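Only a predicted model underlies this, so the values are computations on that prediction, with no experimental measurement involved. Positions are given from 1, in the same order as the sequence printed here.
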Amino acid sequence: MKFKITDARVIIFLIYLVPNLIAFILSSSQGNILVESYSFSYESINGVIGFGYVIFSLIFITVGYFVFSNICYPKNKPLAELGYTQCTRIGFFIFIIQFLFIIFNRYYGLNIAGAEIDISASPVVLRYFFVILNPDIFFLIYACKSANNNLFKVNCVIYLSSTILRGWSGGVVFLFLIFLCRSNTIKIGLKAILLCCLLILISPFIMEIKWFIRSNGMESANLFSTIHYSEALYQFFEYLVYRLQQLTNVIFLTDRVGYFSLLYQQNEIVPYWGEILGLKNIYQASYPNALPLGQWLGGSIENTVVSWNSNPGLAGWIILLSNYSLISAGLAILVVIVSLFFNIYFSSLIGGEVLKRFSYVFCILYLFPGWMGMYINLLFYFVIWLVICKFLRVK
């Protein structure tokens with residue numbers, strides 16, 4: 001017997017709704033929140049407020065997406081599956097920039113998740129080259145458009161290898177969601193269940209490999225030697241739930257909203273619009289000590305200066321800006337609405353049913369966790385994609 005789901009977006013919605021519900025239940029029953037493996041007590045009212053804002057932001061993004069996708073992708077108009085879905089030119093272009101990106105990262109030791117690295121050792125020209133021609137983003141757009149040929153499979157392997165070498169498990173999630181969106185009907189049968197069970201059983205070893213890569217091989221002697229299987233399996237489930245949810249981060253921020261509001265008022269926090277390409281450099285030139293909200297959040301969790309970010313969530317930004325100024329919060333919501341519309345509009349210019357579905361993934365994986373600058377930057381990458389396709393004469 002097989003269970004069929006005709007729309008991958010249902011699964012994507014549930015993937016982010018269910019962990020937040022679980023996190024709320026666990027936090028309420030235990031009386032504390034788990035944030036980046038640290039436990040904190042919190043005021044129960046802030047737990048309810050945080051949960052309300054998280055659910056509101058998830059529903060708000062979802063409703064906005066479907067409203068604008070119905071406008072930009074009208075039902076009575078067939079979706080344009082452009083001819084270049086089977087053109088090898090764009091596939092070879094993606095292959096080249098991904099391969100160069102791997103060489104760049106390995107040679108200079110850059111872009112390894114969680115690692116503290118001095119980026120000044122690499123040439124500025126190369127850094128900006130990969131910022132403008134972002135291999136990860138362009139692969140995702142390409143994967144929504146490409147036919148299922150050998151070149152596409154090679155590019156998928158390179159993308160997966162690139163993300164694994166950087167110790168970034170998010171690449172596996174993106175690839176999984178790509179294949180979900182490429183499927184017209186998702187069939188959940190015995191094979192799919194057995195595969196999921198196998199992945200769950202080997203998950204402790206996968207996590208060990210991930211941390212090994214992030215440590216730059218410094219812990220090679222202890223690889224797999226310290227695994228207590230049952231404990232590691234429980235930790236994997238805990239890690240999975242708390243990586244997919246935003247609730248505990250939002251509750252942590254809500255409990256300390258006065259502190260973060262003061263930092264924001266003193267220009268110590270880079271505003272959401274300050275993370276947009278171009279504006280980011282201008283803002284940091286004016287306020288060199290300013291850090292992203294996610295980095296301040298991580299620093300507050302560890303009570304020291306950190307180089308990594310903790311997801312503030314769109315809900316966290318709304319709570320922070322509402323405490324700072326209702327006008328600022330209203331403008332932020334307006335920016336979200338406008339960026340939602342234009343991202344979906346530009347994705348419709350590229351065309352295709354798969355990209356229409358995957359536009360929702362972009363909303364959930366960038367906008368919902370609070371990476372508003374990254375989401376707005378997608379506008380830039382969609383335009384660059386259209387220019388590249390024109391230059392390559394891809395039709």
Side-chain angles (χ1 to χ4, degrees), residues 23 27 32-54 56-57 60 113-114 116-117 119 242-243 245-336 339 366-377:
S27 299
N32 57 62
I33 53 174
L34 189 66
V35 191
E36 304 289 351
S37 302
Y38 293 89
S39 182
F40 297 93
S41 60
Y42 71 99
E43 294 185 18
S44 57
I45 185 63
N46 287 335
V48 176
I49 292 171
F51 180 70
Y53 271 96
V54 167
F56 164 77
S57 63
F60 175 75
E116 296 186 18
I117 298 169
I119 64 171
Y242 282 99
R243 290 305 292 175
Q245 62 87 39
Q246 304 296 324
L247 178 65
T248 58
N249 294 42
V250 173
I251 294 174
F252 181 88
L253 189 149
T254 306
D255 245 14
R256 298 156 181 79
V257 69
Y259 167 71
F260 286 106
S261 295
L262 181 61
L263 290 173
Y264 189 82
Q265 185 178 359
Q266 294 174 342
N267 298 310
E268 295 291 324
I269 293 177
V270 178
Y272 60 90
W273 52 264
E275 296 179 7
I276 301 171
L277 285 173
L279 292 180
K280 182 176 182 179
N281 293 340
I282 296 172
Y283 189 86
Q284 288 186 329
S286 302
Y287 303 100
N289 295 324
L291 298 174
L293 176 58
Q295 195 168 341
W296 272 111
L297 196 60
S300 298
I301 292 166
E302 290 208 346
N303 199 28
T304 187
V305 178
V306 298
S307 60
W308 49 272
N309 290 281
S310 183
N311 299 347
L314 178 61
W317 269 112
I318 295 173
I319 290 170
L320 170 62
L321 293 172
S322 297
N323 189 75
Y324 173 71
S325 165
L326 289 177
I327 295 175
S328 297
L331 286 173
I333 292 173
L334 181 62
V335 169
V336 169
S339 60
Y366 285 158
L367 198 53
F368 181 58
W371 308 123
M372 296 168 70
M374 291 175 64
Y375 184 72
I376 296 170
N377 289 342

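- The six-membered or imidazole ring of Y283 lies near that of Y287, with a centre-to-centre distance under 6.0 Å.
- If you take CZ on F51 and CD1 on I251, they are separated by 9.5 Å, rounding to the nearest 0.5 Å.
- Y264 has its side chain within reach of L321: a pair of non-hydrogen atoms, C-beta onward, lies under 4.5 Å apart.
- Annotation for A315 and S57: closest pair CB-OG, 4.0 Å, computed over non-hydrogen atoms.
- Using a distance-only test at 3.5 Å, with no hydrogens or angles considered, no donor-acceptor pair links the side chain of T248 to the main chain of V35.
- Nearest heavy-atom pair across Y42 and G47 is CE1-CA, 3.7 Å.
- By the neighbour-count criterion of 12 heavy atoms within 6.0 Å, atom CG of L326 is sparsely surrounded, having that number or fewer from other residues, nucleotides or ligands.
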* To do: Kindly indicate, with the supporting measurements, whether the criterion side chain to side chain contact (heavy atoms under 4.5 Å, CB included) is fulfilled by W273 and V335.
  => CA-CA 9 Å; W273 52 264; V335 169; over 6 Å; no
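- From L291, atom CG reaches atom CD1 of I269 across 9.0 Å, with rounding to the nearest 0.5 Å.
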* **Step-by-step side chain to side chain contact (heavy atoms under 4.5 Å, CB included) determination, F252 to S310** => CA-CA 11 Å; F252 181 88; S310 183; over 6 Å; no
* F368/V54 under side chain to side chain contact (heavy atoms under 4.5 Å, CB included): CA gap, chis, key distance, verdict -> CA-CA 9 Å; F368 181 58; V54 167; 3.8 Å; yes
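- For the atom pair CG of L331 and OH of Y272, the computed distance is 6.0 Å after rounding to the nearest 0.5 Å.
- The CD1 atom of I301 sits 9.5 Å away from atom CG of L253, with the distance rounded to the nearest 0.5 Å.
- Within the 3.5 Å criterion, the main-chain N or O of N311 finds a donor-acceptor partner in the side chain of N249.
- Taken to the nearest 0.5 Å, the CH2 atom of W317 stands 10.0 Å off from the CH2 atom of W371.
- Closest heavy-atom contact between G316 and V250: N-CG2, 3.9 Å.
- Residue pairs satisfying the side chain to side chain donor-acceptor pair (under 3.5 Å) criterion with at least one member in residues 251-263, sequence neighbours excluded, are listed as follows: N46-D255, S261-N323.
- A distance of 13.0 Å separates OG in S328 from CD1 in I318, rounded to the nearest 0.5 Å.
- When all heavy atoms of Q284 and A290 are compared, the closest pair comes out as NE2-O, 4.4 Å.
- Partners of Q265 under the side chain to side chain contact (heavy atoms under 4.5 Å, CB included) rule, at least two apart in sequence or in another chain, are L262, Y324.
- The shortest heavy-atom contact between E275 and N377 is O-ND2, 3.6 Å.
- Here the closest heavy-atom approach between residue Q245 and residue A23 is recorded as OE1-CB, 3.7 Å.
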